[in-house]
Visitor: 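Following this message is one structure expressed as structure tokens.
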Protein chains: 2
Amino acid sequence: MSVPTTEPGLRERKKAATRLALHEAALRLALEHGPDRITVEAIADEAGVSRRTFSNYFANKEEALFYGQHQRMRQVLEIIRARPRDEPPWHALTAAAAEFYGASGDLDPEWTARTRLMRRHPSLAAAQMQTFAAMEREIGAEVTARLGPGEDPTGVRAKLLAATFLAALRVALTAWLEHPADSTYWEVASEALAEAGRGFA
Amino acid sequence: MSVPTTEPGLRERKKAATRLALHEAALRLALEHGPDRITVEAIADEAGVSRRTFSNYFANKEEALFYGQHQRMRQVLEIIRARPRDEPPWHALTAAAAEFYGASGDLDPEWTARTRLMRRHPSLAAAQMQTFAAMEREIGAEVTARLGPGEDPTGVRAKLLAATFLAALRVALTAWLEHPADSTYWEVASEALAEAGRGFA
DNA sequence: CGCCAAACTTGCCGCCTGTGCAAGTTTTCC
DNA sequence: GGAAAACTTGCACAGGCGGCAAGTTTGGCG
């Protein structure tokens, strides 16, 4: 007698649990010992799986560490996709950001600590950037779908919107992390978005 | 009886030659076999140097491959630094780009081929992005120096300018590489800059 | 239930990378 | 001309990535 909801099934749930366990193990160890002094083996151990299994889930340490951020970004993407189709693209993007960041009072302090740790470490910058690049492609595709095909023949405009949007969020985060007390992240970010977006309104 | 000019000296010239040889060897092999099927050892061999010496010049394959792009970016940075100090920042950036790209009719076709190759390969995207990130910091610093300190207390504006500038150039390049015949790179790029920069004029 | 196929985990192995070290070689400079 | 500094090289070692095959777990079906 199974519940009527479409459950993911035991297999899928286990996989998700393992992935999360690895991510959190990586985070724990990185915070404790510093991101470059941990090995894949240690992470796998901490999560209770073999080193080889780690590789079945993540290509490397960095990917495991950034899984959380990756998930957050996917959430934003989902919100963007859920915005009304006839909304002007830039408005859809900023509104989605407002939904995501504006709602919850401010960012989780623990998350802030982790993020700041990652910022300090140049070895992680590359991975960070890769997440952004992937996101930029996906947002760009979504914007393309919203701009009439005649409105942006070369596709530059869509890509430019996506890139500017993410650049504003990224720069705002960097700046805010240096003075978190003065204001909320969303205050800084919305201002940056407004400034950067004047060309797209 | 040496020439009066300050020659770099034999040692420096040899180093530069080795660095260039490694870079070009990497490029040759990457074009021939694909970027992920080449080893550091093969590159060092091709350049007539030991694997260990490769590591004295570059941290990894990617760095060797992107040495050219890195140099090009430094040139742009130099041009930016040479612009009049009292020019509005955004104008200094776009003018520098115009100097660099607008002058020479269009981009070298061989360079275009190499760049297109790199774009296709996700393993190189990270390295690509790292170059951009480094550049963003440096341009940001230069813009900060040009904005009066009272004009941008948090530093968000300077970082935003730098990020938007590079995003526009990057997006324009991506778009142009898909249809190089239709127009010159600078035509695409200057339009992107104009659009993105409306907030900063 | 019982059983099979598909999916997942694990250990093993090999190749590649990055880096400290020490010995040998070249360039610089006095 | 010779000492000092800079550079190259081989060696060794820890670590990372990924293929493969054997073992284990899950899902589905009669």
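Order of the sequence lines fixes the chain letters, A, B, ..., with proteins taken first and strands second; residue numbering starts at 1 for each chain.
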Visitor: Please report the C-alpha distance between A/Glu32 and A/Arg37 in whole Å, then the side-chain angles of each, then the deciding distance to 0.1 Å, and finally whether the salt bridge (Lys or Arg N to Asp or Glu O under 4.0 Å) criterion is met.
Guide: CA-CA 10 Å; A/Glu32 187 174 353; A/Arg37 275 176 231 186; over 6 Å; no

Visitor: Closer than 4.0 angstrom, basic N to acidic O: yes or no for A/Arg19 and A/Glu24?
Guide: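 Looking at A/Glu24 together with A/Arg19, the answer is no, because their closest N to O distance does not fall below 4.0 Å.
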
Visitor: What contact category does B/Tyr57 fall into here, base, sugar-phosphate, or nothing, at under 4.0 angstrom with non-hydrogen atoms?
Guide: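 Here B/Tyr57 touches the backbone only, sparing every base.
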
Visitor: How is B/Phe54 classified with respect to the nucleic acid when contacts are heavy atoms under 4.0 Å: base, sugar-phosphate, or nothing?
Guide: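 Touches nothing.
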
Visitor: If I take atom NZ in residue A/Lys15 and atom C1' in nucleotide D/dT24, what distance separates them, rounded to the nearest angstrom?
Guide: 16 Å

Visitor: From CG of B/Asp45 over to P of D/dG10, roughly how many Å is that when rounded to an integer?
Guide: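 It works out to 10 Å between those atoms.
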
Visitor: For a quick test of reading the model: is some side-chain N or O of B/Thr53 closer than 4.0 Å to OP1 or OP2 of D/dT9?
Guide: yes

Visitor: Could you give the start and end, 5' to 3', of the contact zone on DNA chain C for chain A, using atoms under 4.0 Å from its heavy atoms?
Guide: C/dA6 to C/dC13

Visitor: What is the distance, to the nearest angstrom, from the CZ atom on A/Arg37 to the P atom on D/dG15?
Guide: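 To the nearest whole Å, that distance equals 13 Å.
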
Visitor: If you find the nucleotide of DNA chain C closest to A/Gly48 and the one closest to B/Lys14, which residue's nucleotide is nearer the 5' end?
Guide: A/Gly48

Visitor: Around B/Glu191, counting heavy atoms of other residues, nucleotides and ligands shown, do more than 12 lie under 6.0 Å from its CD?
Guide: no

Visitor: Taking A/Arg157's backbone N and O only, do any of them form a donor-acceptor pair with A/Asp152's side chain (distance below 3.5 Å, no angle check)?
Guide: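 Yes, A/Asp152 side chain to A/Arg157 backbone: donor-acceptor pair under 3.5 Å.
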
Visitor: Nearest-nucleotide wise, let me know which of B/Arg51 and A/Arg52 is further upstream toward the 5' end of DNA chain D.
Guide: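 The residue whose closest nucleotide sits nearer the 5' end is B/Arg51.
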
Visitor: Measure CG/B/Asp36 against P/D/dC17 and give the value in whole Å, please.
Guide: 15 Å

Visitor: So, for B/Ala64 and B/His23, which heavy atoms are closest and what is the spacing to 0.1 Å?
Guide: O-ND1, 2.6 Å

Visitor: Please compare B/Ser50 and A/Ser55 by the position of their nearest nucleotide in DNA chain D and report the one closer to 5'.
Guide: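 By nearest-heavy-atom nucleotide position, the 5'-most residue is B/Ser50.
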
Visitor: More 5' along DNA chain C: B/Ala59 or A/Thr18, using each one's nearest nucleotide?
Guide: A/Thr18

Visitor: Name the one of A/Lys159, A/Arg137, A/Arg85 that satisfies salt bridge (Lys or Arg N to Asp or Glu O under 4.0 Å) with A/Glu142?
Guide: A/Arg85

Visitor: Rounded to whole angstrom units, what separation is found between the NZ atom of A/Lys61 and the C1' atom of D/dG15?
Guide: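 Result: 8 Å.
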
Visitor: Is any side-chain heavy atom of B/His70 closer than 4.5 Å to one of B/Met73?
Guide: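 No; the side chains remain at least 4.5 Å from each other.
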
Visitor: How is B/Asn56 classified with respect to the nucleic acid when contacts are heavy atoms under 4.0 Å: base, sugar-phosphate, or nothing?
Guide: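 Result for B/Asn56 = base.
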
